[in-house]
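Note that the numbering runs from 1 along the sequence shown for the chain.
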Amino acid sequence: MSEFPIHPVPPHFADAHINAKTYAALYQRSIDDRDGFWADMATEFLSWDQPWHTVVEGDFSKGEARWFGGGKLNVSYNCIDRHLPERAGQTALIWEGDNPADSEHISYSQLHERVCRLANVLRARGVGKGDRVCIYMPMIPEAAYAMLACARIGAIHSVVFGGFSPTAITDRILDADCRTVITADEGRRGGKVVPLKTNVDTALTSCPNVHTCLVVRVTGSTQAWQEGRDIWYHEATTEVARECSPELMDAEDPLFILYTSGSTGKPKGVLHTTGGYLLQAAMTFKYTFDYREGEVFWCTADVGWVTGHTYILYGPLANGAISLMFEGVPTYPDAGRCWEIVDKHQVNTFYTAPTAIRALHAVGDAPVKRSSRDSLRLLGSVGEPINPEAWEWYYRVVGDSRCPIVDTWWQTETGAQMITPLPGATDLKPGAASMPMFGVELALLDEGGAEIEGAGAGYLVIKSSWPSQIRTIYGDHQRMVETYFSHYPGYYFTGDGATRDQDGYYWITGRVDDVLNISGHRMGTAEIESALVLHEDIAEAAVVGYPHDIKGQGIYCFVTPMDGVEPSESLRAELVALCATEIGAIAKPDVIQWAPGLPKTRSGKIMRRILRKIAENEVGNLGDISTLADPSVVDHLVANRVHPE
Ligand code: PRX
């Protein structure tokens, strides 16, 4: 816990949507009268074509949740059509290009037309309710149109982050049996081009079921073309009608699948449904960011991650907000880019990840001070624990000590923010995710699974269902139950550790499983290990995280070459490249240490606890190593520890 001072709710947030008193009262109601609370919220935030008959049912201990049973609605109608009478001409999306000279405002009526046209193209290609569509796109408005067009016709989108490799795309397409892909010729990022269509072409050589690949022209570079399958987006969308009737969806019909990493095996397709997801996206957006009519909201995430889904697209648009979408990176053309964009588009709320804050902090105050940032009212943080030093810099320098910071804790599986301060209600403690959102019942468990009362540290769990709860892992429901609902029966297991202080504030301490958080991106150690051992010269690999100043965590790999193979710099480079081709550049190891042997128990289990200590340079405190089959391997690993740069 930090010794940094508490920042009380500033006077200019006295008229916020939620103040301390209303937070306490509404939170209490959301727990005591859960059905009544969510029914009121569902009426306030969403437009239903048919009312629900049951707010929630299902056995939470089995991971079952059915929200708003009998209710019917369409997500794209809720995000677009219903705003048209009041906001046809108002901006829905502001797009800022990688090149600072490029930007575009897209009004709600333009959004409507473009989404309808694309939805009609998809329908004409035979895509309908329940079909899975893979979206592999740069951060361009068409990515948003694609997601909304799927929602409009009831297709389930599976967005694959544009930084993933062809192998990763193939795995995800096959897992969900996507038959349609939407992509672009190339993407632009930080002055470089990303060969998206080429990656898709490679991926599709192993995906025979894909019948349609829609391609947005971004750079205009020449592309290989498979007649019949490949279609130019700009041509197809002009040939169809500009109106498209939204499909009537059941509240529990799937909306999207989003792959995320776990501690074992391949990434899993987290499935979210229509009514509950949209409701919690909409409600949290309004309250956490105290969103006001006409404000410009900027979430810097990529649409390939859940933060982009919920807070670039669905939460803002369900509220009729103005959402900014940025194609580039915070450091291009230089480290002042974000603040230039804030001034250029008069951004009121800026929501980013600690890794970006730390990277910008590292280059000093000057690039920030070049901008006025007068429009900023609120700042947000998401994706990993934020260290209090970075928090203070963000608050003092970026926000001129005027803008509260909402440090929001949540996960792909939770769909929306679960723990956060509310700017008009919560006194801020730098580094604390703070308080549960409405309807979120938290607990901390000890090793034995008993609830910890009052202040203390333990495993963070959730005690009851929430509307945007994960419904299943696509194609493997049993894995969902085992991963989240079997560690501690009756509770949803988050995989995170946390402390709760004497004031009831939650402080997230990080993952307690074999999941790494690299620059806010979740990655399973098992995935990286699987990539490393694909190399014919490698016998075994064990991967752990270590603290990294900018990325939060770095990737430290202990690698055992095959007998007779001499470790070399070229082998090291091949392994780094292998991780990039198997997963993506974000999975490149920071450190590779050659390990003639790994510390294993007599039953052959690798003792990662010891490897973590070595990677963290805590070698004086390795704990009990007497149960190892061969304790001498530890001495070798300690003596040859690689110091990360
Ligand atoms: O460890 C927690 C961390 O990110 C994990 C979820 O990752 P993902 O599903 O990719 O979603 C990220 C964006 C919602 C969590 O289990 N995490 C997320 N937000 C925070 C956080 N850790 C600390 N503080 C946060 N605010």
Side-chain angles (χ1 to χ4, degrees), residues 46-50 71-93 95 104 106-135 137 140-159 178-184 211-217 231-251 253-257 272-275 277-278 281-282 303 309 312-314 316-318 320 323 325:
L46 302 183
S47 299
W48 298 81
D49 294 298
Q50 186 180 301
K72 296 211 181 283
L73 75 167
N74 180 282
V75 166
S76 100
Y77 175 86
N78 271 272
C79 289
I80 311 171
D81 306 48
R82 66 169 171 153
H83 303 313
L84 293 176
E86 276 176 43
R87 311 177 197 275
Q90 184 209 290
T91 300
L93 295 173
W95 175 75
E104 185 187 357
I106 297 123
S107 69
Y108 273 92
S109 70
Q110 288 170 322
L111 182 65
H112 179 257
E113 178 177 342
R114 294 174 195 181
V115 168
C116 284
R117 285 185 183 277
L118 179 52
N120 282 330
V121 171
L122 293 172
R123 272 192 179 150
R125 297 292 296 186
V127 182
K129 188 169 173 176
D131 293 339
R132 278 81 54 212
V133 174
C134 172
I135 299 176
M137 294 277 258
I140 54 175
E142 287 80 359
Y145 308 158
M147 294 163 77
L148 289 162
C150 287
R152 194 159 191 92
I153 62 171
I156 305 167
H157 59 70
S158 166
V159 183
C178 296
R179 311 241 167 146
T180 305
V181 178
I182 308 177
T183 189
H211 56 68
T212 298
C213 180
L214 267 170
V215 186
V216 179
R217 195 163 67 187
I231 298 167
W232 282 113
Y233 177 104
H234 62 278
E235 289 174 0
T237 47
T238 52
E239 289 160 7
V240 290
R242 52 182 299 174
E243 292 285 342
C244 172
S245 60
E247 189 80 35
L248 198 59
M249 302 297 285
D250 196 277
D253 280 334
L255 176 64
F256 67 84
I257 299 166
H272 283 288
T273 57
T274 298
Y277 169 79
L278 190 66
V303 289
H309 282 55
I312 293 177
L313 205 62
Y314 292 119
L317 297 186
S323 180
M325 183 178 190

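Considering every non-hydrogen atom in both Ala155 and Val127, the closest pair reads CB-CG1, 3.9 Å. Summarising the geometry of Ile156 relative to Pro254, their closest heavy-atom pair is CD1-CB, 3.7 Å, with the distance given to 0.1 Å. The minimum heavy-atom distance between Leu93 and Leu111, with the atom names listed, is CD1-CD1, 4.2 Å. Residues Ile153 and Ala119 come closest through the heavy atom pair CG2-CB, 3.8 Å.
Using a distance-only test at 3.5 Å, with no hydrogens or angles considered, no donor-acceptor pair links the side chain of Ser323 to the main chain of Leu313. Side-chain atoms of Asp253 never come within 3.5 Å of backbone atoms of Met249 as a donor-acceptor pair (strictly under, hydrogens ignored). At least one donor-acceptor pair under 3.5 Å links the side chain of Asn74 to the backbone N or O of Ala151. Asn120 places a side-chain N or O within donor-acceptor distance of the main-chain N or O of Ala241, the cut-off being under 3.5 Å. Side chain of Gln90 to backbone of Leu84: no donor-acceptor contact under 3.5 angstrom is found. A donor-acceptor pair is defined here as one N or O able to donate and one able to accept, closer than 3.5 Å; no such pair exists between the side chain of His83 and the backbone of Tyr108.
A distance of 11.0 Å separates CD1 in Ile182 from CE in Met147, rounded to the nearest 0.5 Å. Atom CD1 of Ile135 is separated from atom OH of Tyr145 by 13.5 Å, given to the nearest 0.5 angstrom. Note that the CG atom of Leu118 and the CG atom of Leu214 stand 6.5 Å from one another [nearest 0.5 Å]. Interatomic distance, OH of Tyr77 versus NE2 of His112, reported as 9.5 Å (0.5 Å rounding). Within the model, atoms OG1 of Thr183 and CD of Glu142 stand 11.5 Å from one another, a figure rounded to the nearest 0.5 Å.
Counting only N and O atoms by type, the side chains of Arg125 and Thr212 include a donor and acceptor under 3.5 Å apart.
Residue pairs that meet the salt bridge (charged side-chain N to carboxylate O under 4.0 Å, His left out) test with at least one member in residues 78-92, sequence neighbours left out, are Asp81-Arg152, Arg87-Glu293.
In this structure, Arg114 and Ile106 have side chains that are in contact, with non-hydrogen atoms separated by less than 4.5 Å.
A parallel orientation is assigned to the rings of Phe256 and Tyr314, their planes being inclined by less than 30° (bins at 30° and 60°).
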